[in-house]
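Here's the structure we're looking at; comments come further down.
Given the structure is predicted, the values throughout are model-derived calculations rather than measurements. In the text below, chain A, chain B and the rest are named by the order of the sequence lines, each starting its count at 1.
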Number of protein chains: 2
Amino acid sequence: MPPVTARARVRAELTEEILDAARRQLAEHGSAALSLRAVAREVGMVSSAVYRYFPSRDELLTALIVDAYDSLGDAVERAEAKVGRAKYLDRWMTICRAVRTWALAHPHEYALIYGSPVPGYRAPVITIGPATRVALILVQLLIDAQRDGVFAEPPPLTRSPKALGADLDRLADAFAGVSESTMVHALVAWASVYGTVSFELFGQFHNVIAANSQYFDVAMSELATFVGIPNRRA
Amino acid sequence: MPPVTARARVRAELTEEILDAARRQLAEHGSAALSLRAVAREVGMVSSAVYRYFPSRDELLTALIVDAYDSLGDAVERAEAKVGRAKYLDRWMTICRAVRTWALAHPHEYALIYGSPVPGYRAPVITIGPATRVALILVQLLIDAQRDGVFAEPPPLTRSPKALGADLDRLADAFAGVSESTMVHALVAWASVYGTVSFELFGQFHNVIAANSQYFDVAMSELATFVGIPNRRA
DNA sequence: CAAATGTCAAGAGCAATGCTCTCGGTTCTT
DNA sequence: AAGAACCGAGAGCATTGCTCTTGACATTTG
């Protein structure tokens, strides 16, 4: 309904141009060094003009966060799509490796979305959609494996999750047909993937692991077994 | 040999006073909002005077990082010391809970040491000692369990870790007497503990897990089994 | 004991930052 | 064509980390 006026067009273009500059600056110097004035300089504007497009530095950051989630989601999706549906272990390893590869290639973006939240910044609702993309890919993998019956069901939970009922009910919708213990194991494994990548990226593995890539494969392979994905030895 | 002159005494006192103020500011407003001028204001100094004690903001931050590692290490050690040596599952759960409890009580400090590294900041060598304290407690638990023979040895690694040789050799020194697969599982589990706490603290579990405390216990219990600590069902 | 040396807090100042406001000029809308 | 909405530029404010200089004090040395 709103006619695309010349103004609207140039506005959209300029918005994209600003985002591009911000992306570059983020990738090069990190989120804390992201300066609205510097971005303005790069696009040949004056700082106050940028405020017509992004009302604050945080809004710009939010846009970049959504961007980063999408970039990661794309990378993982693309990688996983190339693997045969029935090769569950391959799919799992591919997903994990794609996450790590993306993180290594975009450390600042990774830190932005998975590191400590930037100070005084509250993630707006807009970010929760893109944030769950990667998780959903993983969930789909488990659903598929479960449906095919090719699944090493983990033993029942050792600790009764009675107080977890509501949470598990909600999860059961996403994890259609997957057992309670598998859902929990999936969450635990996902936290471990994230933790492993973060440890490597944030330097916690310094003086502990040197062959990072090899360690990652070994670790993810063990996690595959943990969540019930059929593995060599199984 | 160096006589404790009046000057040296007041210097030490002032240094501690500055650190206190910085700690408070960090705990309240987070690391990025830590302003040298603000702590100067709080201790009733002028900003330039603080530079006599800490040559830069980063040096102050380093002191706070060491501080945070020590605080966490203390908390975990104290908690774990209260548990009978032979109650391995209890020790494991206590360690994990202590980490989470400390993280929830000191979110900014946790973010400082386990979140994304602060921009342009390179962790100096001084920090690696305190950083490994918690890990060492965990390692000791595994060594004890292994020595007592009360240990559900995980199956051999599904993926041959030939390229991991050097790393595993180095680890074997710390993990005296523990098998390769257990060492790897311990690392994976540790990454998961860290990931789980971070997810909760950084908001990644929003709309996923509501009963955080209960979920944490369930998750850590599963991880105990994963690393080989004898669990109920075992 | 007195002079030389080292240390200290303070203040001014620099180059940045995020953000606000006002001022003309342009582009839409009616 | 007139009025409203929008836009970029510029000046300005409060804040930051950090440097340099200055004068007062403490400490060590001759």
Side-chain angles (χ1 to χ4, degrees), chain A residues 1-19 21-22 24-26 28-65 112 117-122, chain B residues 1-19 21-22 24-26 28-65 108 112 117-122 124:
Chain A
M1 182 105 308
V4 181
T5 69
R7 183 127 74 192
R9 250 245 295 285
V10 63
R11 183 184 175 84
E13 278 168 14
L14 262 182
T15 305
E16 203 48 51
E17 208 170 317
I18 291 172
L19 268 177
R24 275 194 299 275
Q25 197 171 320
L26 170 65
E28 268 185 53
H29 306 102
S31 65
L34 188 138
S35 143
L36 239 157
R37 290 180 114 112
V39 172
R41 237 173 282 134
E42 198 170 318
V43 301
M45 267 198 238
V46 99
S47 80
S48 58
V50 178
Y51 281 84
R52 301 250 178 229
Y53 298 85
F54 295 93
S56 77
R57 184 179 172 277
D58 280 6
E59 296 274 333
L60 220 190
L61 224 55
T62 300
L64 292 178
I65 287 177
L112 188 60
V118 329
Y121 174 83
R122 198 83 215 108
Chain B
M1 183 100 311
V4 180
T5 69
R7 185 129 73 190
R9 252 244 294 284
V10 63
R11 183 184 175 85
E13 278 168 15
L14 264 182
T15 304
E16 203 47 52
E17 208 170 317
I18 291 173
L19 267 179
R24 274 194 300 273
Q25 197 170 323
L26 171 65
E28 268 185 52
H29 306 102
S31 65
L34 187 138
S35 144
L36 239 157
R37 291 179 112 111
V39 320
R41 236 173 281 134
E42 198 169 317
V43 301
M45 268 198 239
V46 100
S47 77
S48 55
V50 178
Y51 282 86
R52 299 240 175 236
Y53 299 85
F54 295 92
S56 78
R57 184 180 173 277
D58 280 5
E59 297 274 333
L60 220 190
L61 223 55
T62 300
L64 291 178
I65 288 177
H108 290 123
L112 188 60
V118 331
Y121 174 83
R122 200 83 216 111

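Atom C1' of nucleotide C:dC8 and atom CD1 of B:I18 are separated by 12 Å, given to the nearest angstrom. The OH-C1' distance, from B:Y51 to D:dT21, rounds to 17 Å in whole Å. To the nearest angstrom, C1' of D:dT16 lies 12 Å from CD of B:Q25. Rounding to whole angstrom units, CZ of residue A:R57 and P of C:dT20 are separated by 14 Å. Residue B:L60 contributes atom CG, which lies 10 Å from atom P of D:dG17 at whole-angstrom precision.
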Response to the item:
Per-nucleotide protein contact along nucleotides 6-14 of chain D, 5' to 3', at a 4.0 Å heavy-atom cut-off (B base, S sugar-phosphate only, - neither), is BBBBB-B--

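Atom CE of B:M45 and atom CD of B:E17 lie 7.0 Å apart (nearest 0.5 Å). Distance OH/A:Y53 to CG/A:L19: 12.0 Å, rounded to 0.5 Å. Considering CD1 of A:I65 and CG of A:L60, their distance stands at 11.0 Å, rounded to 0.5 Å.
Here B:S35 reaches the OP1 or OP2 of D:dG17: one of its side-chain N or O atoms lies under 4.0 Å away.
Applying the side chain to side chain donor-acceptor pair (under 3.5 Å) rule to A:E16 yields the partners A:R23; only residues at least two apart in sequence or on another chain are considered.
Here A:R9 lies out of heavy-atom contact (under 4.0 Å) with every strand. Counting non-hydrogen atoms under 4.0 angstrom, A:L34 reaches the backbone sugars and phosphates but no base.
The side chain of A:A38 sits closest to C:dT17 out of D:dC18, C:dT17, D:dT16.
Counting heavy atoms from C-beta on, the side chains of B:F54 and B:T62 never come closer than 4.5 Å. A:L61 is listed as a side-chain neighbour of A:L112, based on a closest heavy-atom distance under 4.5 Å.
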